[in-house]
Amino acid sequence: MSLGKGNLGHGRPYLAIPGPSVMPDRVLAAMHRAAPNIYAGPLHEMTASVVADLRRVARTTAHVAIYIANGHGAWEAANANLFSRGDRALVAVTGRFGEGWASSAERLGIRVERIDFGKQAQAEPQRIAEALAADRRREIRAVLVTHVDTASSVRNDIAAIRRAMDATGHPALLAVDAIASLGCDPLHMDEWGIDVLVSASQKGLMVPPGLGFVWISDRALDRCRGADLRTPYWDWGPRANPAEYWQHFCGTAPTHHLFGLGEALTMLLDEEGLEAAWARHRALAGAVWTAFDAWGRGGDIALNVAEAAHRGASVTAARIGGGGAGRLRDWCEAEAGVTLGIGLGMAEPGSAAYGDFLRVAHMGHVNAHMTLGVLSVMEAGMRALEIPHGSGALDAAAAAIA
Ligand SMILES: *Cc1c(COP(=O)(O)O)cnc(C)c1O
């Protein structure tokens with residue numbers, strides 16, 4: 001590949017992939033300290049306020065369990081506490097992450113029934129209801145749904161799924177993966193009737209990877225007491241209602257992550273405000289979408305999810321044909337210091353089509369200049385690489401922000 005001027009990538013790099021996301025300097029500074037006492041003092045106070053803030057960010061009064069884990073660990077935590085070996089789960093799949101949660105359950109010994117809605121459309125509540133209605137023996141313990149599937153950028157309508165489930169009278173619990181949406185897209189655990197919510201630190205919460213969270217409704221806590229897949233480390237019981245500080249973490253606390261998370265939640269909830277953060281993500285996403293629409297009018301370029309109301313606000317999956325997406329990613333990283341996300345689960349790695357997909361993250365500590373900068377860099381790359389594209393994308397993005 002001919003790469004242009006050589007040194008325009010120098011300067012502060014920008015990782016515009018959907019996790020890990022950009023970490024605020026204040027979060028890093030909060031973590032930059034000597035190891036604290038884990039038996040008493042500021043860390044204990046910090047943990048109490050972090051737990052309270054984790055409830056606020058999910059709009060819930062539910063119990064919260066914090067794990068030293070990434071999102072895969074949080075999936076497994078939810079599965080291990082929800083199910084007994086041989087129980088049934090119904091999983092709505094709308095991309096690679098829905099499939100990931102399903103296969104994580106399967107490997108634990110849970111009998112998984114998938115409803116695959118493809119990679120470009122929302123889960124249909126009616127089909128979930130039909131699957132529950134067909135389960136006359138009431139064997140399905142829980143329905144697992146990804147709120148925003150980070151691979152496809154499909155956003156599912158959780159409230160509508162809950163209503164459809166309720167209409168069947170089936171007792172299945174509703175468990176939701178909000179790893180890519182928490183702090184970015186509106187999410188109301190209690191109002192939407194979510195029983196178990198799963199998230200992690202390194203996306204909308206702006207903290208390094210390493211913390212996984214599971215929120216547990218009273219109903220789920222009660223109904224899952226006998227679940228026999230739980231193991232000492234993943235058991236949510238003591239973590240959600242610890243009698244001793246160490247039970248929060250089943251051992252040593254994730255000391256520095258907690259200080260970082262405390263700072264991030266203060267920024268999100270007390271300074272910006274959660275609703276303002278949702279609006280910011282929506283506005284930045286709108287700028288990205290309008291740019292892609294303009295590019296697509298003059299080239300083989302398209303957003304993955306055609307219906308705007310079905311897209312998440314934190315990440316945009318798109319296609320640039322002829323391997324353009326892969327070449328553009330390489331160019332942006334080498335020539336401009338911007339790393340875009342790979343297309344995940346859209347085509348086999350190594351296949352020709354693999355180079356047709358990319359993702360742009362606008363998740364967490366991201367503002368207008370960063371997103372407009374990414375779009376401008378992408379346009380420069382398309383010109384340099386002679387990737388056919390429609391004109392006016394940057395005008396349209398600026399107008400969307402204005
Ligand atoms: C990132 C992500 C995961 C996986 O999280 P890891 O920390 O990479 O294990 C799962 N689900 C969704 C929706 C995600 O965005």
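Counting starts at 1 for both ligands and their atoms, following the listed order. For clarity, every value in this text was computed on a predicted model and none was experimentally measured. Numbers here are sequence positions counted from 1.
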A.B. asks: For a quick check: using heavy atoms under 4.0 Å, what are the residues in contact with ligand 1, sorted by chain and number?
C.D. replies: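 Residues near ligand 1: N70, G71, H72, W75, F97, T146, V148, T150, D177, I179, A180, Q202, K203.
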
A.B. asks: Taking the basic N atoms (NZ, or NE/NH1/NH2) and the acidic carboxylate oxygens, is any pair closer than 4.0 Å for E191 and R59?
C.D. replies: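 Looking at E191 and R59, the cut-off is not met.
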
A.B. asks: List for me each residue that meets ring-ring contact (aromatic ring centres under 6.0 Å, His included) alongside H44, sequence neighbours excluded, and say none if there are none.
C.D. replies: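 So H44 forms a ring-ring contact (aromatic ring centres under 6.0 Å, His included) with Y245.
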
A.B. asks: Only counting residues at least two apart or in another chain, list the ones meeting ring-ring contact (aromatic ring centres under 6.0 Å, His included) with F292.
C.D. replies: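 F292 satisfies ring-ring contact (aromatic ring centres under 6.0 Å, His included) with W295 once adjacent residues are dropped.
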
A.B. asks: Name all residues meeting the ring-ring contact (aromatic ring centres under 6.0 Å, His included) criterion together with Y67; count only those two or more places apart in sequence or in a different chain, and write none if there are none.
C.D. replies: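 Expected list: W234.
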
A.B. asks: The test is side-chain hydrogen bond (donor to acceptor under 3.5 Å, both in side chains); show your working for S153 and N304 and say whether it passes.
C.D. replies: CA-CA 8 Å; S153 64; N304 184 52; 5.0 Å; no

A.B. asks: Could you check whether R111 pairs with E106 (Lys NZ or Arg NE/NH1/NH2 to Asp/Glu carboxylate O, under 4.0 Å)?
C.D. replies: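 Here R111 does not pair with E106 in a salt bridge, since their nearest N and O are not under 4.0 Å apart.
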
